[in-house]
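In this chain, residues are counted from 1 in sequence order. Counting starts at 1 for both ligands and their atoms, in listed order.
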Amino acid sequence: MFPRQSLHRFLQVSQRRSFVNATALFQLGILNHVAIATPNLEKATAFYRDILNGECSEQIPLPEHGVTTVFVNLGNTKIELLHPLGDKSPIAGFLAKNKEGGMHHVCIEVDNVYTAMADVKAKGVRVLDKEPKIGAHGKPVVFLHPKDCGGVLVELEQR
Ligand SMILES: C[C@@H](C(=O)O)C(=O)SCCNC(=O)CCNC(=O)[C@H](O)C(C)(C)COP(=O)(O)OP(=O)(O)OC[C@H]1O[C@@H](n2cnc3c(N)ncnc32)[C@H](O)[C@@H]1OP(=O)(O)O
Ligand SMILES: [Co+2]
């Protein structure tokens with residue numbers, strides 16, 4: 001038996017509605033990854049692999065993005081470990097400010113990255129690339145300015 005208080009709470013929550021904008025130009029999908037920038041990729045990988053027993057990929061150099069990545073498979077999503085590659089890495093400034101590293105971006109899937117890009121731009125959000133680049137999973141990605149996204153760098157990836 002539910003205590004009266006819990007049953008009341010359960011009914012309140014289950015009756016709450018969530019809203020989806022049916023006329024939206026693009027739909028937001030699942031969390032593809034959370035990225036963590038690190039000054040020491042070996043050490044960060046060892047933490048997720050040997051301390052937390054996570055399934056980690058090899059190091060994947062992505063010169064066109066200025067990073068080397070390691071993916072930690074979490075089943076329903078991933079952690080993307082990021083380390084600067086080359087002398088113009090977009091994460092160099094972040095690591096200069098956050099010496100130990102830290103959470104760098106969230107990547108959310110969209111049904112159409114080109115439509116998403118045009119739509120958010122029209123709503124006043126700065127898109128950091130003129131054209132999508134091919135991301136770590138072979139799909140087009142774009143980044144949205146953290147100052148227009150509540151202080152969080154957002155990557156949108158084509159589903
Ligand atoms: C492979 C691919 C994939 O998964 O498929 C990837 O993820 S590649 C992952 C790496 N690629 C990217 O990150 C590409 C997109 N990122 C960029 O273009 C850059 O990182 C920027 C977001 C523009 C930031 O560049 P940078 O740090 O040089 O510029 P800045 O110092 O002028 O920063 C402007 C302001 O944003 C803040 N800021 C910088 N990086 C931030 C971050 N990751 N999260 C939240 N805020 C951040 C700074 O502290 C500063 O705030 P204050 O003014 O208040 O101090
Ligand atoms: Co990413």
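- Pairs engaging residues 147-159 under the salt bridge (Lys or Arg N to Asp or Glu O under 4.0 Å) rule: Arg126-Asp148 [sequence neighbours left out].
- In summary, no N, O or S atom of His104 is located under 2.8 Å from the Co ion (ligand 2).
- Put simply, CE on Met117 and CZ on Phe26 are 12.0 Å apart, with the number rounded to the nearest 0.5 Å.
- A donor and an acceptor atom, one from each side chain of Asn21 and Thr23, are located under 3.5 Å apart.
- For Glu80, the N, O or S atom with the smallest separation from the Co ion (ligand 2) is OE1.
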Exercise. Can you check side chain to side chain donor-acceptor pair (under 3.5 Å) on His104 and Glu80, steps first, answer last?
Worked result: CA-CA 10 Å; His104 186 261; Glu80 177 185 58; over 6 Å; no

As a test of reading the model: which N/O atoms of the protein lie under 3.5 Å from N/O atoms of ligand 1, and at what distance?
residue, atom, partner, partner atom, Å
ligand 1, 4 (O), His33, NE2, 3.1
ligand 1, 4 (O), Glu80, OE1, 3.3
ligand 1, 4 (O), Glu80, OE2, 2.6
ligand 1, 4 (O), Glu155, OE1, 3.1
ligand 1, 4 (O), Glu155, OE2, 3.1
ligand 1, 5 (O), Ala136, N, 2.8
ligand 1, 5 (O), Glu155, OE2, 3.0
ligand 1, 7 (O), Glu80, OE1, 3.0
ligand 1, 7 (O), His105, NE2, 3.1
ligand 1, 7 (O), Glu155, OE1, 3.3
ligand 1, 20 (O), Pro90, O, 2.9
ligand 1, 43 (N), His104, O, 2.9
ligand 1, 43 (N), His104, NE2, 3.4
ligand 1, 49 (O), Lys97, NZ, 2.9
ligand 1, 51 (O), Lys147, NZ, 3.2
ligand 1, 54 (O), Lys147, NZ, 2.7
ligand 1, 55 (O), Lys97, NZ, 2.8

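- No side-chain donor from either of Gln27 and Asp111 sits under 3.5 Å from a side-chain acceptor of the other.
- At a cut-off of 2.8 Å, Cys107 is not counted among the residues with an N, O or S atom near the Co ion (ligand 2).
- Taking the Co ion (ligand 2) as reference, Glu155 places its N/O/S atom OE1 nearest.
- Metal site remark for the Co ion (ligand 2): Glu157 contributes no N, O or S atom at a distance under 2.8 Å.
- Cluster annotation: Leu156 is not connected to Val141 through the hydrophobic network of ILVMFWY side chains, with a link wherever side-chain heavy atoms come within less than 4.5 Å.
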task: Check step by step if side-chain contact (heavy atoms from CB on, under 4.5 Å) holds for Val72 and His33.
output: CA-CA 9 Å; Val72 187; His33 59 266; over 6 Å; no

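- Ring pair His137/Phe71 is tilted by interplanar angle, where 30° to 60° counts as tilted.
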